[in-house]
Amino acid sequence: LARNRETCLVLLAVCCFAAQSELVRYDNYHLYRVEIANQEQLNVLQHVELYGNGYVFLDSPVQSRMNVSILVPPHKLEDYRELEKNLHLRSQLATQNFQSIIDAENVPRKTKRSEGFGWEEYQSLEAIYGWLDELAAQYPSLLAVESIGRTYEGRDMKLVKLSHQAGNPGIFLEANIHAREWITSATATWVLNELLTSQDPAVQELATSYDWYILPVANPDGFHYTKTTNRLWRKNRYPHTVLCAGVDLNRNFPYHWMEGDVDSGSTTDWAHGYHNTPLSMCFEFRDNGPYGFVLPADQIIPNSEETLDALIAMLAKAKTMGYFNRT
């Protein structure tokens with residue numbers, strides 16, 4: 001990240017042992033939307049998240065007056081209802097069988113249109129990286145792909161730079177830092193494709209007026225693990241102990257780390273506070289309905305279109321406010 005006013009960071013923003021021989025299932029897990037109304041509720045939910053016991057938090061409880069999604073396993077339903085009663089939690093049941101949502105998320109498409117790389121279904125890490133390399137060969141004067149590092153398990157972290165001219169201000173777009181949030185890397189690759197191929201003048205202006213640095217999968221090891229072992233894995237795969245693997249990458253940047261009851265130590269905090277990047281933000285995607293982070297593949301393109309519209313509007317406003325003026 002550059003240390004000047006010409007760079008904007010956009011994030012496309014989702015610990016226990018699991019056997020790697022079979023895919024973890026979530027049959028009859030209940031998904032609840034929970035409103036955290038006060039400090040007591042927050043403290044208890046943070047304790048429950050920390051010690052797990054089968055609960056899966058799709059959102060981390062970091063402050064009061066926020067909503068979180070919690071998966072409750074069948075054997076914990078009575079305990080959860082008692083927790084609701086004792087804490088006076090406002091809780092809404094979204095689905096009684098979360099596995100059915102996972103099963104419907106990425107049904108393989110058999111149409112001719114879906115052959116090759118596309119956005120009718122979620123892609124693997126290998127498919128995303130292969131597509132990036134193909135794009136670089138197709139647009140050698142505009143694109144460059146490089147590995148900016150290797151993960152604990154030895155996978156490349158591939159970044160693509162799109163540049164039409166020297167001296168442009170930069171946009172750094174990062175996705176899939178949380179392994180289970182497949183919609184983020186799908187959206188990032190769709191946006192890249194639009195920047196290269198769209199005939200919309202507003203999109204073309206974005207492509208030519210800024211240098212784009214896109215990291216579509218910031219957590220390759222965790223992303224791969226969600227495909228092979230546990231769909232809802234969030235962290236990377238660095239082993240803390242024999243029984244506990246994973247670092248929450250978006251909570252471990254060296255800027256006000258673990259200070260208070262706020263979402264500190266995140267990428268956006270670090271980019272804005274440490275590197276003086278003037279615009280640093282996290283986009284929150286769908287869904288507030290029953291899907292959580294497991295959006296059906298038919299929502300990839302609508303979600304991506306919303307995101308591109310937001311980028312167009314946000315960057316236009318930032319430009320008028322002088323964020324990209326040279327100093």
Side-chain angles (χ1 to χ4, degrees), residues 11-26 29 49-60 62 69 71 73 98-99 102 105-106 122-133 145-160 173-189 214-254 257-258 263-270 282 285 292-295:
L11 304 183
L12 301 184
V14 79
C15 176
C16 62
F17 174 77
Q20 298 192 35
S21 59
E22 60 183 21
L23 194 63
V24 174
R25 293 187 60 85
Y26 292 90
Y29 275 62
E49 182 191 32
L50 180 62
Y51 292 99
N53 294 322
Y55 295 97
V56 179
F57 280 71
L58 299 184
D59 314 285
S60 289
V62 296
S69 299
L71 277 177
F98 199 72
Q99 185 61 44
I102 293 176
E105 176 187 28
N106 203 33
Y122 290 103
Q123 304 290 341
S124 67
L125 180 68
E126 295 76 17
I128 292 172
Y129 281 0
W131 181 71
L132 293 180
D133 292 338
V145 176
E146 64 175 305
S147 175
I148 61 171
R150 294 182 73 84
T151 65
Y152 173 77
E153 293 182 343
R155 293 182 176 87
D156 285 317
M157 298 178 65
K158 286 196 174 184
L159 177 137
V160 57
L173 192 151
E174 171 196 276
N176 242 141
I177 195 168
H178 290 151
R180 62 193 179 201
E181 296 171 12
W182 294 358
I183 186 61
T184 61
S185 53
T187 299
T189 53
I214 299 178
L215 183 66
V217 184
N219 183 3
D221 291 349
F223 181 66
H224 176 76
Y225 193 74
T226 64
K227 298 282 188 176
T228 62
T229 307
N230 187 344
R231 174 63 187 87
L232 297 183
W233 188 261
R234 171 189 174 102
K235 304 177 182 182
N236 72 357
R237 295 297 300 156
Y238 182 83
H240 282 292
T241 68
V242 174
L243 296 179
C244 185
V247 170
D248 189 338
L249 294 175
N250 199 35
R251 301 293 186 274
N252 279 274
F253 281 77
W257 183 73
M258 290 293 290
D263 187 11
S264 56
S266 70
T267 319
T268 50
D269 295 331
W270 174 77
C282 178
F285 288 165
F293 292 116
V294 187
L295 280 179

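Numbering of residues begins at 1 and proceeds along the displayed sequence. On a predicted model such as this, the values are computed, not experimentally measured, just so you know. Only this structure's heavy atoms are used, side chains among them; waters, hydrogens and symmetry mates stay out.
Remark: the backbone N or O of Ala179 is not paired with any side-chain donor or acceptor of Lys235 at under 3.5 angstrom. Using a distance-only test at 3.5 Å, with no hydrogens or angles considered, a donor-acceptor pair links the side chain of Arg231 to the main chain of Arg180. The main-chain N or O of Phe223 is never found under 3.5 Å from a side-chain atom of Asp221 such that the two would form a donor-acceptor pair. Put simply, the side chain of Thr184 never gets that close to the backbone of Ala175: no donor and acceptor are under 3.5 Å apart.
For Ser69, the side-chain hydrogen bond (donor to acceptor under 3.5 Å, both in side chains) test picks out Arg33, Asp59, with sequence neighbours left out. Evaluation of the side-chain hydrogen bond (donor to acceptor under 3.5 Å, both in side chains) rule for Glu146 yields no partner, not counting sequence neighbours. Remark: Tyr26 engages Tyr29 in a ring pair (Phe, Tyr, Trp, His ring centres under 6.0 Å) (not counting sequence neighbours). Legend: residues meeting ring pair (Phe, Tyr, Trp, His ring centres under 6.0 Å) with Tyr129, ordered by chain and number and at least two apart, are absent. Not counting sequence neighbours, Phe98 has no partner by the ring pair (Phe, Tyr, Trp, His ring centres under 6.0 Å) test. Annotation: salt bridge (Lys or Arg N to Asp or Glu O under 4.0 Å) contacts of Lys158 (sequence neighbours excluded): Asp133.
The distance from atom OG1 of Thr229 to atom CG of Leu23, rounded to the nearest 0.5 Å, is 7.0 Å. The OG1 atom of Thr151 sits 8.5 Å away from atom CG of Asn236, with the distance rounded to the nearest 0.5 Å.
For the side-chain contact (heavy atoms from CB on, under 4.5 Å) test with His178, the passing option among Leu249, Asn219, Asp248 is Asp248; the others fail.
When side chains are defined from C-beta on, Leu295 counts as touching Tyr122, because their heavy atoms get closer than 4.5 Å. Two residues are said to be in side-chain contact when any heavy atoms from C-beta on lie closer than 4.5 Å; Val217 and Leu125 meet this criterion. Using a 4.5 Å heavy-atom cutoff, the side chains of Val294 and Leu232 are in contact.
Checking Thr226 against Trp182 by side-chain atom types alone, a donor-acceptor pair falls below 3.5 Å.
Of all heavy-atom pairs between Arg237 and Ala245, the closest is NH1-CB, 3.8 Å. Minimum interatomic distance between Gln123 and Lys227 (heavy atoms only, all atoms of both residues): O-NZ, 3.2 Å. For His240 against Val247, the heavy-atom pair with the smallest separation is NE2-CG2, 3.4 Å. Pairing each heavy atom of Ser60 with each of Arg234, the nearest pair is OG-NH2, 3.8 Å.
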